[in-house]
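See structure below.
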Amino acid sequence: MTRDPRYDILFEPVRIGPVTARNRFFQVAHCNGYGWTQPQALAEMRGIKAEGGWAVVTTEEVEIHPSGDCEPFHEGRLWSDADIPALALMAEAVHFHGALAAIEIMHHGPSSANRGTREVPIGPSHRPVTAYDPVQARRMDRQDIRNLRQWHRDAALRARRAGFDIVYVYAGHELGIPMHFLSRRMNDRTDEYGGSLENRARLLRELIEDTKDAVGGTCGVAVRLAVDELMGDAGITSTGEGRDVIAMLAELPDLWDVNVSAWSNDSATSRFQKEGFQEDHIRFVKQVTTKPVVGVGRYTSPDRMVSLVKGGVLDFIGAARPSIADPFLPKKIEEGRLDDIRECIGCNMCVTSDFTMTNLRCTQNPTMGEEWRRGWHPERVPATGEGKRVLVVGAGPAGLEAALTAARRGYEVHLAEAGTELGGRLIRETRLPGLAEWIRVRDWRTGQLQRMANVTIYRDSPLTAEDVAGFGADHVAMATGATWRRDGVGRDSGFAIAGFDHHAVLTPDDILAGRLPEGPVVVYDDDHFYLGGVIAERCAAAGLATTYVTTAIQPSAFSVNTLEATAIAKRLVRAGVTLVTRVSAARFDGEALQVTDHLSGEMRGIAARGLVTVTARWPADDLFTATEKLMQGPQGTATLTLRRIGDCNSPSTIQSAVYAGHRWARELDEAVTPYYPRELPQADSLRRFWT
Ligand code: ADP
Ligand code: SF4
């Protein structure tokens, strides 16, 4: 296939100071949970992005000094020369595939409590750190500022020695120290670094000048700046100081990378923002500078990308999440394979990896985070399945991914689904408010499967154990999903809750099937992820008086890790939903839900003629158990392998189900490493104090 000439403009080279990017696809910095702890995994993952056609591949935030320590988060580290070899690995991998390597060196200033190093945090003013800890940052004196500039300069030189082509000055989000100096609410200085905008921008200007002076002859110097903090006059706005700063420093850096702040606004989910949601804020930038501009907005549509470039909004299409969901996005556009693009769904499961300090994971791309550890490549699978037959039962996220990966490996694949429509939980959940974009998980997989000659799909086909055992498959995956419990047992209660067998009690399965409770309704959320909140939103939209009750300390508590918790609570309150937190359900009688307050210990009633209980799930594994029994009997097929995958094995997230499906298919008939390869400390660096 060849590229559609309409997209030629996306493949024009663009100069960034002394270096040239081969096209307009720019992987902006993104966290990944590896940072300095897993340099090989990092290099492998970034190298795959370069292989996938990105012209620039950037690190995550890279600390320049122990006084700006991001721990416990795993970011990059360039404190000394000793850090160079680990980062050089990434630059080498990126260069190997013909891309430019960019590095986002940064100092967190008062955003960091320096938990690891125990250094005193520093910032423009005496203020509590913006991280969680009860710690204050010390106001920097002139020597501190000189020191900071020296650390930044040293880091830029080290970055060049590590092989990077583009060096950042980072004022993005609410994190980088120049952003704190810029901010009127963070900077109350009366010297030449405080007061007027020119003074507050002085540190940013100096860091750009220092970096240009240090490495500008050979490296492009980029600035990441949040041009709007989306807090009106309390912050920087794209019609006010955000615009003025860029105008003031317009021609100083070689590239402007602009976004909105805070991170929760920048990486907004599809539940709250659609593709291109930053455009109105960043549109002005190209009017005030001649330097190339990169911006983000979860772009996956090549037509939209072309219109951004032609419309003079951006020179580079910036992407973090779209490059995680599909590291080969540029290549697929280049090769005219638009249907193969695996579009990001904007769920932010990737962001949870940073918050939980674990390997990057992605709902759409199950190989993400496993490139080095398991040797998984997003576009290549071992093709050893020819001549063998697999049966996948259930076409939810686990079954679809299992079938697709097995088919890519050459197996003869049979996918049986009880219902008429493919997609399992995706069909139902994506009809709930704000979740429509998640259907891409199904659509991408069904689109691929339908084009494969070695795949047969059976709809309206509820299989029995006899059907499965007699099918003649070499391998069977049971991906039959899960059902929500109706008895109240879950995270909070190990026992059934009195009255939960009342006919007015519904589960998410009922809501997903289109039923609605009577009002007033209580949605009881002991699951703590998105579903309880979304169901409350659905009930309120249907005009029911709705109370959202949770055992957690805040609504949809796990969504802190997807950057959505505040937005969810706001949306519920604005929809008229009453919020009750930190309680446990005690009983329900069709008139009220009695709850025990975790703090006072007192019991009270919340009026409820209807109750939706979101607690725990049962794996739907009856078919698995029956098939297993049959196989062990006289008609058993000795050679058949039978496995449960996804929610049918252990109810979890959609991301986990996709991963489970992928892993099952990828490991079929393969010799699999029985342990997790780890990046171990080098023996010669292990010091002994007892000798
Ligand atoms: P997961 O998240 O693990 O993929 P889902 O609940 O989304 O699970 O999907 C399970 C799918 O399995 C549903 O579409 C369901 O209709 C299908 N299914 C359940 N039992 C059978 C069966 N006996 N035969 C065929 N399909 C089944
Ligand atoms: Fe996109 Fe979700 Fe993957 Fe993140 S986890 S890249 S938001 S699909």
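One-based numbering, in listed order, for ligands and for the atoms of each. Every heavy atom of this structure was used, including side-chain atoms; hydrogens, water molecules and symmetry mates were not.
- With ligand atoms numbered from 1 in the order given, ligand 2 contributes 3 (Fe), 5 (S) to contacts under 4.0 Å with heavy atoms of Thr363.
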>> Run the salt bridge (charged side-chain N to carboxylate O under 4.0 Å, His left out) test on Arg298 and Glu437 for me, step by step, so that the C-alpha distance in whole Å, both residues' side-chain angles and the decisive distance to 0.1 Å come before the verdict.
In response: CA-CA 12 Å; Arg298 248 180 31 248; Glu437 224 169 273; 3.3 Å; yes

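- A donor-acceptor distance shorter than 3.5 angstrom exists from the side chain of Glu371 to the backbone of Gly369, with no hydrogens or angles considered.
- In terms of heavy atoms, Thr363 sits closest to Arg445 at O-NH2, 4.4 Å.
- The atoms of ligand 1 that sit less than 4.0 Å from any heavy atom of Leu623 are 23 (N).
- In terms of protein heavy atoms, atom 23 (N) of ligand 1 is closest to Leu463 O, 3.1 Å.
- A distance-only check finds a donor-acceptor pair linking the side chain of Asp647 to the backbone of Ser652 [under 3.5 Å].
- Each of the atoms 25 (C), 26 (N) of ligand 1 lies under 4.0 Å from some heavy atom of Ala416.
- The closest protein non-hydrogen atom to atom 12 (O) of ligand 1 is Gly394 CA, 3.1 Å.
- Residue-ligand proximity, Gly646 to ligand 1, at heavy-atom distances under 4.0 Å covers atoms 3 (O).
- Contact between Asn365 and Pro378 at its shortest, heavy atoms only, is OD1-CB, 4.2 Å.
- When heavy-atom distances to ligand 1 are checked against a 4.0 Å cut-off, Asp647 comes that close through both its backbone and its side chain.
- With respect to the salt-bridge test (charged N to carboxylate O, under 4.0 angstrom), the residues Glu667 and Arg643 do not qualify.
- The existence of a salt bridge linking Asp340 and Lys331 is excluded, since no basic side-chain nitrogen approaches an acidic carboxylate oxygen closer than 4.0 Å.
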>> Quick one, Val351 with Glu564, criterion side chain to side chain contact (heavy atoms under 4.5 Å, CB included). Give me CA distance, side-chain angles, the key distance, then yes/no.
In response: CA-CA 11 Å; Val351 176; Glu564 291 173 295; over 6 Å; no

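- Arg486 has a carboxylate O that lies under 4.0 Å from a charged side-chain N of Asp510, or vice versa, which qualifies the two as a salt bridge.
- A salt bridge links Glu370 with Arg373: at least one charged nitrogen is closer than 4.0 Å to a carboxylate oxygen.
- Contacts of Ala660 with ligand 1, taken as heavy-atom pairs under 4.0 Å, are absent altogether.
- Of the protein's non-hydrogen atoms, Cys347 SG, 2.4 Å is the one closest to atom 2 (Fe) of ligand 2.
- Looking at atom 9 (O) of ligand 1, its nearest protein heavy atom turns out to be Gly396 CA, 3.4 Å.
- Regarding atom 27 (C) of ligand 1, its nearest protein heavy-atom neighbour is Ala418 CB, 3.7 Å.
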>> Go through it in stages, so that I can follow the logic: the residues are Tyr411 and Leu668, the test is side chain to side chain contact (heavy atoms under 4.5 Å, CB included), and I'd like the CA-CA distance, side-chain angles, deciding distance and then a yes or no.
In response: CA-CA 10 Å; Tyr411 287 93; Leu668 282 177; 3.3 Å; yes

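- Atom 3 (Fe) of ligand 2 has no N, O or S atom of Cys344 inside 2.8 Å of it.
- For ligand 2, the atoms lying closer than 4.0 Å to a non-hydrogen atom of Arg321 are 6 (S), 7 (S).
- For atom 15 (C) of ligand 1, the nearest protein heavy atom (residue, atom name, distance) is Glu417 OE2, 3.5 Å.
- At least one side-chain heavy atom of Met452 sits under 4.5 Å from a side-chain heavy atom of Arg408.
- Listed here is the closest heavy atom pair of Val614 and Trp484: CG1-CZ3, 3.8 Å.
- Every atom of ligand 1 is numbered from 1 in the order shown, and the set under 4.0 Å from a heavy atom of Ser461 is 24 (N), 25 (C).
- Those atoms of ligand 1 that come under 4.0 Å of a heavy atom in Gly481, given as number and element, are 5 (P), 6 (O), 8 (O), 10 (C).
- Residue-ligand proximity, Ala657 to ligand 1, at heavy-atom distances under 4.0 Å covers atoms 2 (O).
- The Gly424 neighbourhood of ligand 1 comprises atoms 7 (O), 9 (O), 13 (C), 14 (O), with distances under 4.0 Å to a heavy atom of that residue.
- Residue Gly346 approaches ligand 2 through these ligand atoms, each under 4.0 Å from one of its heavy atoms: 1 (Fe), 7 (S).
- The protein non-hydrogen atom at the shortest distance from atom 5 (S) of ligand 2 is Cys350 N, 3.3 Å.
- Within the structure, ligand 1 lacks Ala620 among the residues with a heavy atom less than 4.0 angstrom away.
- Any N or O atom pair closer than 3.5 Å counts here, and Pro397 shares at least one such pair with ligand 1.
- Here Lys388 does not pair with Asp474 in a salt bridge; the nearest charged N to carboxylate O distance is not below 4.0 Å.
- Counting only non-hydrogen atoms, the option in Leu400, Asp622, Thr480, Ile654 that gets closest to atom 20 (N) of ligand 1 is Thr480.
- The single protein non-hydrogen atom nearest to atom 8 (S) of ligand 2 is Ile345 N, 3.4 Å, given as residue, atom name and distance.
- Protein heavy atom nearest atom 4 (O) of ligand 1, with residue, atom name and distance: Ala398 N, 2.8 Å.
- Shown in contact with Arg425 at under 4.0 Å from a heavy atom are these atoms of ligand 1, numbered in order with element: 2 (O), 5 (P), 7 (O).
- Closest protein heavy atom to atom 10 (C) of ligand 1: Ala479 O, 3.2 Å.
- Of the possible polar contacts, one joining the Glu417 side chain to the Ala395 backbone as a donor-acceptor pair under 3.5 Å is found.
- With respect to atom 3 (Fe) of ligand 2, the closest heavy atom belonging to the protein is Cys362 SG, 2.4 Å.
- For the atom pair CD (Glu61) and OH (Tyr168), the distance works out to 12.5 Å, reported to the nearest 0.5 Å.
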